[in-house]
Amino acid sequence: MEGRGERIGYLLSVYYDGSERRAVIKLYDPEKGEIFHIPDPYGHRPYLLTDAPPEEVGKIAGKLAARIAGVSTVEKWDALRFKPVKLTKVEAKDPLAIGGERGGGLRDLLQEAGYRVWEARIKYYECYIYDQGLKPGLPYRVLPDGRLEELMPDGSDERIRVVLTIDDSVRRELASSLAKILHFRAPHMPGVALDIEVATPKGQIPSAKEVKHPIIAAALAGEGIREVHILRRGSAQLPKCVEDATVVVHESEAEMIRTVLDKISCFPIVFTFNGDGFDMPYLARRAQELGVSPKPIRLERDRALLDTGIHIDLYQLYSNRSIQVYVFSGKYLGYTLDEIAQAILGVGKIEVGRDFTALKTEDLARYCYRDAKITYMLGTALGGRLVDLLMLFARLSKLPLEDVSRQGISQWIKNMIYFEYRRKNWLIPNKEEIMLERGAETYSRALIKGKKYLGAIVLEPVPGIHFNVYVMDFASLYPSIISRWRVSFETVNCPHEECKSNRPVEGLPHWICTHEDAGLVYRLIGVLRDMRVGWYKKKAKDPSLPKERREWYDVVQSGLKVLLNASYGVFGYENFPLYSPPVAEMITALGRKAITTALALARKMGLRVIYGDTDSLFVQGATEDQLRAFEREVERALGIDIELEKHYRYVILSKLKKNYLGVRDDGTVDIKGLMGKKRNVPDLVREAFADVIEILKGVESEEGFEQAKRMIRGKIRYYVERLKNREFTLDEVAFRMVLTRPLHTYVKTTPQHVKAARMLESRGIRVLPGTVIAYVKTKNKWGVKPVQLAKKDEVDVQKYLEIMRTTFEQILDVLGIDFGEIAGGVSEGGLSAYF
DNA sequence: AAATTCGCATAGGGCC
DNA sequence: GGCCCTATGCGAA
């Protein structure tokens, strides 16, 4: 047996063990392929910081005094006031003594006594990670006494090269520590997906709170495992297999649960879909009810952990907007398993009735196994790189893998910043304090009612077909601004008299600190930006590197992109713990300055700008030399880089902003904003639109358009004809819209998808937030019907012709094609009057 | 629990 | 029925 003392493990997570009253570190042993735990070897305790004198603390604590483990004085750097500060550190025997007891934690008692507290709302295990400088996702050597020693990956070559281009020492240090984190890919960890079915009587909603009904099926799909476990009901003959899974029949529910729990214990990664809300708590509680140990499930208030692995609830992960938009490029709309699986994998759930008890056992097995299988496929999406990406986010954010997969981008960024603050021994400021010291006011007015400050500029497009168009674009505009002008809550509206004249935006009263050593956050964001643009993005495309390496660099650059994209927005988000309206306002103002300055320079140089949005300018008909000179001028005027992003053979602009079609030199088509691309419009319309795009793709020159126009007319005529003759399926004409809230909360108006959803509900079909409602427009009094309940002859064809018209007009107007003429000129004369 | 603002399409609802 | 504003959802950046 291997000596315990020299074990090597990848740090995955830290949690607080209430019964042991200490933090426990969770690691993955790549040799044995299993998770192991190291209880805190440092004697670390939860604490808060306060300005109450040490001798006062005991008195104020009252009954809680017994749970104080120690009071001491510490010195921190106050980054808001630019001075060192001496504070009292109050350590407790358990985290609940700090802030957990309702109304009576030390945090509240000290505040009620008129003192201020800091760092008292940080989760204990997060605090532990900062203090020990632990980096989730990295390998460690476990020393004989349990202490962890970071294994230094050998990435010095890259590190140095990244570091070389950076001149400030704080940034250099950040870059070097980040390069180390990002250099190596973590080892592969085997995973399994779990799904259970419960014998819920018809009409009842299964709940994990009350576990009255038996578990009748549980499926496991994963690496080297394909099983569906079934509880015997009646005497029906069961097949040995369903799909590619083995059927295992159990005589008792207790035995089945125990078997399944034992099986998932063998995997370091366990995927579920809504396992926090249902599968895991149901399994654990049902086990307890039947006198079976619920191990390895560890239930917390709103999530379920596993002692033997990392439980990743894919419902939580796929509901993360950053994951949805940037990792999966918005491919899925709603947040149900069926919707996401259909969109990502092209495979959905098996359709069955609502009454599980009436389902044949074999069909139940098949249904349950399919769910587990698609859950596993979603867990291993992106060719298996989804977990790599999570590991990367864990490394960047310093959050446990379980938290990364459950929390939003603002929590990742918060944690990343807190870690660096603690590392430098800076005091983590309170939100109220930032508002007080730096201001809560904004001075610009948003264009949209209800928004807090003015955002980006969108230039008025020049309608028409434009050949030979270059798109010039500021790479990572907002992060570049943050870095270049040193914008962060530390530096904006600083207390120094001498800085007050340093106001980079006319019309905004905010100023920026001129002291070289001020602030950390803008440097952190700047370094991440420089590393992505200057290193990882290039390396991901470097053909001299092995494929494996390139793939990992692509994971890194795409992960950094996700983080950078949100790095401005969080400062304008009220619930962000480092919320700072002046910062957010300053960043967009500098963005407007950047694009208007670039626009003015372009015009001065004789370039023809036909459109631009936020960080881009569309330049028609320039020479390479002109563009290079333009880049230089912008760099000189602003100190940030603009670069050639792409070239279009031609671009079609309508009069609408955020709507265009561009054909690149290689024939690929970029379609932005146009209705024909939106995923809520019916497939038939999208299909028609795609066909028209296909025709446009082939156009090489201005002359080519005449032939293309003829083909487009024919194509549209064909689809109009199909509509008029009802040659479509209901699915093809269904609109799909996500129900974003519970049905009863739509009180002000009743949108069409809500109407359709209510019809479904009255039939006993449950519609939860996140469900995609598919409905067709009909001639009944409501104007809509859910697809499931509608018949083809109810469809209101005229409404669809209208949709078709508005969809196509966005591009046809520019081409000089009149939709009405085409649509009216075919068959049934009666309809032509309509146009 | 949730990063931001800007822009567009559609329907709903109040009012004349 | 037309006008105007709001609610809602989806997309671009």
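Chain letters run A, B, ... following the sequence lines, proteins first, then strands; residues in each count from 1.
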Nearest-Å distance, CD1 (A/I803) to P (C/dG9)? 17 Å
Side-chain contact check for A/Y660: nearest option of C/dA12, C/dT8, C/dA13 is C/dA13
Toward the 5' end of DNA chain B, by each residue's nearest nucleotide, A/L454 or A/N575: A/N575
DNA chain B: 5'-most and 3'-most nucleotides touching chain A, 4.0 angstrom heavy-atom criterion: B/dA2 to B/dG13
Inter-nucleotide P distance (B/dA2, C/dA13), Å rounded: 26 Å
Nearest whole Å is fine: how far is C/dA13 C1' from A/I481 CD1? 13 Å
Please tabulate the protein-to-nucleotide N/O contacts below 3.5 Å involving nucleotides 4-6 of chain C, giving atom names and distances.
unit_1, atom_1, unit_2, atom_2, d
C/dT6, OP1, A/K449, NZ, 2.6

Going by ring pair (Phe, Tyr, Trp, His ring centres under 6.0 Å), A/F571 matches just one of A/Y453, A/F576, A/Y579. Which one? A/F576
For DNA chain C, whose closest nucleotide is more 5', that of A/G673 or that of A/T740? A/T740
Tested for salt bridge (charged side-chain N to carboxylate O under 4.0 Å, His left out) against A/R406, the lone hit among A/D302, A/D313, A/D276 is A/D276
Salt bridge check: are A/K414 and A/E126 linked by an N-O gap of less than 4.0 Å? yes
Examine A/K561 relative to A/Y326 and say whether NZ or CZ is less than 6.0 Å from the centre of the six-membered ring and inside a 45° cone about the ring axis. no
If you look at every strand shown and take non-hydrogen atoms under 4.0 Å, does A/G455 touch a base, only sugar-phosphate, or nothing? sugar-phosphate
What residues from residues 393-407 of chain A pass a heavy-atom cutoff of under 4.0 Å to DNA chain C? none
